[in-house]
Amino acid sequence: MSAYRWKSFYEDEDRPEKPRRYGVTEMRGPHYTLLSQNVLQDIFESMGHFVDGLKFAGGSHSLMPKTYIKEVTDMAHKHNVYVSTGEWAEHLLQKGPSSFKEYIEECKQLGFDTIELNVGSLGIPEETLLRFVRLIKSGGLKAKPQFAVKFNKSDIPVARDRAFGAYVVPVPRTSEIVEDVDLLIRRAERCLEAGADMIMIDADDVCKCADSVRADIIAKVIGRLGLEKTMFEASNGKTSEWFINQYGPKVNLFVDHSQVMDLECLRGRNLGHDHRSVLGSSYFLSNLRDA
């Protein structure tokens, strides 16, 4: 730890050493920008203690040579960083019922540790979603369903069908999208009971922008599912600041690779005075100094 004299990981500071169950920082891999192996290597060597996971967002891994993916996953594992898929499983459904099992096996061979399931994009019945979670777990990988707060109105069960695990009669799809945080939580709870390791909450309509964060939704999700079992997509640095300010360093966040160092400084609040140059004009640390 000599390279990180200003930072140590103890239970009485902000969170423990890796592998961590909380205070997890998952980093976006190649998606909006093309990250070469050299760039990833630099990030892991300089900030590897702060990066818990690497996600190939947006199905980007489907466009890359398998040899490259395996080299990246091997590199990540050397730095004790898990590797997750992004949105891609929904593209396999048209290939037949066996395609998902084949996808799990291929992900395992390529070195992925976690398979993420975008529930909104999948558009599958709840029982099928739970079966996918169980298939991932039986394949030896971790499952991370991703939920948004808005659903197709046809997915909202009528009052008498809201009981836990109730069978919902399929109805025709509509074009109306509605918000239902209770349905999000109920489905997430069932996924966790089926073996899911973490629930990812999409930033859209919840925490896309720092000045319009839905604090009510976030508080309800954390209150029901727990801080350790939820991860939030932080679209920018100010959104990360909001989460740390509200829930402390133990909140799990998914951020862009460019935000890893800023987020780590925010997690260790006592570092703000000595390392404010790293964060530039961070309004959160300015507020701390003025407090």
Side-chain angles (χ1 to χ4, degrees), residues 16 18-26 52-57 59 61 73 76-77 80-93 96-149 151 155 157 162-168 181-202 220-233 250-254:
K18 297 193 300 184
R20 289 181 272 266
R21 303 188 318 276
Y22 53 83
V24 172
T25 296
E26 185 171 291
D52 297 88
L54 169 70
K55 180 166 84 169
F56 282 77
H61 61 286
T73 57
H77 293 156
N80 202 14
V81 173
Y82 70 81
V83 187
S84 173
T85 68
E87 304 175 27
W88 183 246
E90 58 270 28
H91 296 282
L92 303 169
L93 299 183
S98 64
S99 60
F100 193 76
K101 289 184 178 180
E102 295 171 358
Y103 175 62
I104 294 173
E105 186 58 33
E106 183 176 49
C107 287
K108 192 172 182 178
Q109 292 175 1
L110 291 175
F112 285 99
D113 307 282
T114 300
I115 292 181
E116 186 171 288
L117 299 172
N118 189 317
V119 177
S121 298
L122 281 169
I124 54 177
E126 189 171 311
E127 294 303 322
T128 304
L129 171 64
L130 299 177
R131 183 169 65 85
F132 281 2
V133 170
R134 296 186 187 102
L135 284 173
I136 293 170
K137 295 299 292 183
S138 63
L141 300 179
K142 293 184 177 181
K144 185 173 61 174
Q146 176 178 333
F147 286 91
V149 72
F151 299 85
D155 292 333
R162 281 186 173 270
F164 176 81
Y167 173 73
V168 179
V181 65
D182 290 320
L183 181 59
L184 182 160
I185 292 172
R186 186 180 71 82
R187 288 187 170 179
E189 286 175 334
R190 294 203 70 195
C191 285
L192 290 172
E193 291 203 352
D197 299 271
M198 184 81 72
I199 301 297
M200 171 73 82
I201 304 299
D202 193 276
K220 196 168 187 178
V221 168
I222 291 177
R224 290 276 295 278
L225 303 181
L227 201 63
E228 185 178 315
K229 290 295 184 179
T230 51
M231 177 177 287
F232 294 89
E233 179 184 5
K250 296 181 180 180
V251 65
N252 303 314
L253 294 177
F254 169 59

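In this text the structure is predicted, and so the values were computed from the model without any measurement.
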message = I'd like to know if K55 and E233 make a salt bridge, using a cut-off of under 4.0 Å between side-chain N and carboxylate O.
response =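 No, no charged N to carboxylate O under 4.0 Å.
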Pairwise distance [atom1]([X]) to [atom2]([Y]) - rounded to 0.5 angstrom:
| X | Y | atom1 | atom2 | result |
| --- | --- | --- | --- | --- |
| F132 | K101 | CZ | NZ | 10.5 Å |
| F151 | L183 | CZ | CG | 4.0 Å |
| L129 | I124 | CG | CD1 | 5.0 Å |
| L135 | L117 | CG | CG | 10.0 Å |
| M200 | F254 | CE | CZ | 5.5 Å |
| R21 | L227 | CZ | CG | 11.5 Å |

Would you call [X] and [Y] a side-chain contact if the rule is heavy atoms closer than 4.5 Å?
| X | Y | answer |
| --- | --- | --- |
| H77 | D113 | yes |
| L184 | I201 | yes |
| V24 | Y82 | yes |
| L110 | T73 | no |
| D52 | N252 | no |
| P145 | I199 | yes |
| F232 | I222 | yes |

Heavy-atom pair with the smallest gap, counting every atom of [X] and [Y]:
| X | Y | result |
| --- | --- | --- |
| V221 | V181 | CG2-CG2, 4.1 Å |
| A76 | V83 | CB-CG2, 3.6 Å |
| V133 | G195 | CG1-C, 4.1 Å |

Taking only residues two or more places apart in sequence, or in another chain, which ones meet [X] in a side chain to side chain donor-acceptor pair (under 3.5 Å)?
| X | result |
| --- | --- |
| T25 | R267 |
| K220 | D182 |
| E106 | K66 |
| R134 | none |

Full working for side chain to side chain contact (heavy atoms under 4.5 Å, CB included) between C191 and L130 = CA-CA 6 Å; C191 285; L130 299 177; 4.1 Å; yes
Ring geometry between F112 and F56 (parallel below 30°, tilted from 30 to 60°, perpendicular above 60°) =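 F56 vs F112 ring planes: perpendicular.
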query = What's the verdict on side chain to side chain contact (heavy atoms under 4.5 Å, CB included) for E189 and K229, showing C-alpha distance, side-chain angles and the deciding distance?
reply = CA-CA 10 Å; E189 286 175 334; K229 290 295 184 179; over 6 Å; no
query = Which residue pairs pass the side chain to side chain donor-acceptor pair (under 3.5 Å) test with at least one member in residues 136-146, sequence neighbours excluded?
reply =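 Passing the test, one end in residues 136-146: E26-K144, E116-K144, K137-D197, Q146-D202.
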key: Full working for side chain to side chain contact (heavy atoms under 4.5 Å, CB included) between C107 and Y103   = CA-CA 6 Å; C107 287; Y103 175 62; 3.5 Å; yes
ask   = Looking at residues at least two apart in the chain, or sitting in another chain, which of them share a ring-ring contact (aromatic ring centres under 6.0 Å, His included) with F147?
value =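 Expected list: none.
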query = Counting distance only, does the side-chain N/O of K108 pair as donor-acceptor with the main-chain N or O of G139 below 3.5 Å?
reply =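 Side chain of K108 to backbone of G139, a donor-acceptor pair under 3.5 Å: yes, one is there.
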